[in-house]
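Right, one structure below, let's go through it.
Proteins come first, then strands; the chains are lettered A, B, ... in the order of their sequence lines, and each starts at number 1. Quantities reported herein were computed from a predicted structural model and do not represent experimental measurements.
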Amino acid sequence: MSFHPENPLIVQSDRTILLETASPRFEEARDALSLFAEIVKSPEHIHTYRVTPLSLWNAAALGATPEEVKETLLNLSKYEVPANLNSDVEDFMARYGRLKLIKEGDELFLISEDEALLIEISRQKSVIPHLVDPPAAGKLEERRLKVKGEERGLIKSALIRVGFPVEDLAGYTPGTPMDVDLRETSLEGEAFGLRDYQNEAVGAFWAGGSERGGSGTIVLPCGAGKTVVGIGAMASVKAHTLVLTTNVTALRQWRDEILDKSDLDPEDVGEYSGDKKEVKPVTITTYQMLTYRPSKDEPFKHFHLFNEADWGLIIYDEVHLLPAPVFRAVANLQSRRRLGLTATLVREDGKEEEVFSLIGPKKYDVPWRVLEKRGYIASATCTEIRVPFPDDDLRLDYAIAESRDKYRIAACNPGKNQVVNRLLKEHEKDQVLIIGQYLDQLHEIAEMTGAPVITGQTPQAQRDILYEKFRKGEEPVLVVSKVANFAVDLPDANVAIQVSGTFGSRQEEAQRLGRVLRPKKNANTASFYTIVTRDSSEQDFSNKRQLFLTEQGYRYKIETVELDS
DNA sequence: AAACCGGGAA
DNA sequence: GTTAGTCCCGGTTT
């Protein structure tokens, strides 16, 4: 039995993997694990990963072999790798691609080298409804199963649920051709080209030609240029494209980026939103638009957009936020090329498998170190600061409060203000955003610090003035409400202090961190603080928070403070 | 035609 | 479980 104490991993038979953050090989191991494992927990010293069927299928779809995965584990592990894990790696990875979905003429077939497997799945209750003439028990007339033409998406979902993800080789409709290329210089005349990893991402999406290439998910951290990858994909497909975004701000940003970075004319790029209902060769819309119903029990009013044109490519921005009703529509759109863009494959609703089967497996993710080393993103330190209640009265209020009031009391703990003051002193020379969700609390902090507040009610003109002052450094501190989550026009800061947040939504956390993540001219570092009340319901969300941030590659620290009386 | 306002939804 | 913000729509005002 071998023992390599200098190695960073402990690989366990329950498919969890422990990673020591202090190891000199930490970064190497983290990037290697991102290929085939999911992160579960990430406190300071030891991070926990898990190898799941889905994580192995994603690796297999990326082209990794079981040998490579086993080799990685062997190389990085302190102790011998448990035999059952090695055989799980082999078994699960081998399952991907054993079933293939192909098209012959207009007919769809499920094929496999393995006849027993075809028989086995042909008897699955969830699969049968999608087959044409399901074979009688134990018999197969030909070595293939005929699939109902309209149910390509549904059978893919059904198969992944029974543990056999199918490789979809049934090809795509080309869509209406469109001449589009990337510009070599942006509209402002700056030289423009895809960064090497963006180029690789587009290549990974497109690789494999007409059948294999052209559907899948690209995982890139915020600020790494997902839009540009989408534009690169458009320039590869060269067909009419529908882009789905999370909100109108993102929609406008896509439009601006497309006009800036591609040679498309403004009249070729349309906005389909509450304001405008344009359908152009490139059309951008929002998920809310698509899921809008005049009332319950009525159909989605704008779903027809999916079939309004002969789209050759559909781009799903922030695919981890794709609403469930849209999945149902996506199941019917399997013959259209599609690109999912996201910073994380983890969904709050656990529908990661749907993304895998209906949008496509992970095609590319960037090693974090690459981005950091080249200065494309700032490296951030995240600190959770735990404060007690300042006095027993408040503590008692909290103790006897209805559970629904508890969160608010903890979130608005005035003891946090002391910490805010301390942090502002430490970051006197920095651009600081103070972010919170309760307006009363924000106004209180604004009064205390003398910094201006921006909330949903702040008129756009006023926001613009404050943003401008902040950019120039005339106002070093801004207090902002939830507008911060999505406002794209919010200027960059290098310090963010979160004084209250919603119930552990990782999305929200990422958005907030994204605010401070743009590379800075001087020092390429940023700080993100979250202040929570100790021993309160707020602290319960701390694990979730850490998880997300570590998924994104940040280091996370916890600090407990006492208040001055 | 564009800007603005309030209601309802998730 | 809560809160604030966002989006859509359909109305009115400018």
Side-chain angles (χ1 to χ4, degrees), chain A residues 243-255 271-278 283-305 317-318 320-329 347-349 351 397-398 400-413 433-446 453-464 478-490 498-505 507-512 514-515 532-533 536-541 544:
Chain A
V243 182
L244 310 185
T245 63
T246 50
N247 58 48
V248 272
T249 318
L251 185 160
R252 307 259 154 82
Q253 217 187 16
W254 268 89
R255 193 186 138 87
E271 165 177 338
Y272 194 95
S273 67
D275 282 4
K276 295 175 189 167
K277 300 282 183 293
E278 302 167 340
T283 299
I284 317 167
T285 189
T286 65
Y287 292 127
Q288 278 193 32
M289 192 74 215
L290 285 169
T291 50
Y292 177 75
R293 285 188 283 189
S295 71
K296 273 186 175 180
D297 313 320
E298 273 181 84
F300 298 102
K301 198 170 161 187
H302 299 289
F303 253 40
H304 62 86
L305 188 58
D317 191 22
E318 312 290 353
H320 58 291
L321 297 173
L322 188 84
V326 178
F327 271 128
R328 263 165 262 144
R347 292 178 58 97
E348 302 290 333
D349 63 4
K351 291 193 183 293
D397 279 354
Y398 178 81
I400 60 172
E402 293 286 326
S403 67
R404 68 167 125 199
D405 294 330
K406 278 196 149 110
Y407 185 79
R408 189 193 176 100
I409 295 174
C412 296
N413 176 3
L433 290 176
I434 299 173
I435 309 168
Q437 94 163 308
Y438 296 99
L439 298 184
D440 291 349
Q441 180 189 29
L442 292 176
H443 287 295
E444 195 181 307
I445 290 174
V453 200
I454 295 174
T455 70
Q457 276 126 45
T458 314
Q460 191 62 46
Q462 178 72 9
R463 292 188 202 188
D464 290 342
L478 282 186
V479 181
V480 295
S481 70
K482 282 182 87 161
V483 292
N485 287 1
F486 291 108
V488 171
D489 50 354
L490 192 68
Q498 179 174 246
V499 292
S500 56
T502 39
F503 294 77
S505 159
Q507 308 320 336
E508 187 174 303
E509 199 85 12
Q511 292 286 354
R512 291 187 173 181
R515 291 267 69 90
V532 302
T533 299
S536 78
S537 51
E538 265 194 312
Q539 202 182 304
D540 302 340
F541 297 105
K544 267 194 161 185

Review point. For A:Ser295, which contact category applies under a 4.0 Å heavy-atom criterion: base, sugar-phosphate, or nothing?
Key: nothing

Find the distance [X]:[atom1] to [N]:[atom2] and express it as a whole number of Å.
| X | N | atom1 | atom2 | answer |
| --- | --- | --- | --- | --- |
| A:Lys482 | C:dT6 | NZ | P | 9 Å |
| A:Gln437 | C:dT3 | CD | C1' | 5 Å |
| A:Arg293 | B:dG7 | CZ | C1' | 18 Å |
| A:Phe300 | B:dA9 | CZ | P | 14 Å |
| A:Asn247 | C:dT6 | CG | P | 9 Å |
| A:Glu271 | C:dC7 | CD | C1' | 12 Å |
| A:Asp440 | C:dT2 | CG | P | 17 Å |
| A:Leu442 | C:dG5 | CG | P | 9 Å |

Exercise for review: Tell me, with the steps shown, if A:Ile284 and A:Tyr272 meet side-chain contact (heavy atoms from CB on, under 4.5 Å).
Suggested key: CA-CA 6 Å; A:Ile284 317 167; A:Tyr272 194 95; over 6 Å; no

Side chain to side chain, [X] and [Y], heavy atoms closer than 4.5 Å:
| X | Y | value |
| --- | --- | --- |
| A:Gln441 | A:Ile434 | no |
| A:Leu290 | A:Phe303 | yes |
| A:Asp440 | A:Cys412 | no |
| A:Phe327 | A:Leu322 | yes |
| A:Val499 | A:Leu442 | yes |

Point to revise | Toward the 5' end of DNA chain C, by each residue's nearest nucleotide, A:Asp405 or A:Thr455 | key: A:Asp405

What nitrogen or oxygen pairs link the protein and nucleotides 8-14 of chain C at under 3.5 Å?
| residue | atom | partner | partner atom | Å |
| --- | --- | --- | --- | --- |
| C:dC8 | OP1 | A:Thr286 | OG1 | 3.1 |
| C:dC8 | OP2 | A:Gly274 | N | 3.4 |
| C:dC9 | OP1 | A:His302 | NE2 | 2.5 |
| C:dC9 | OP2 | A:Lys277 | NZ | 3.1 |

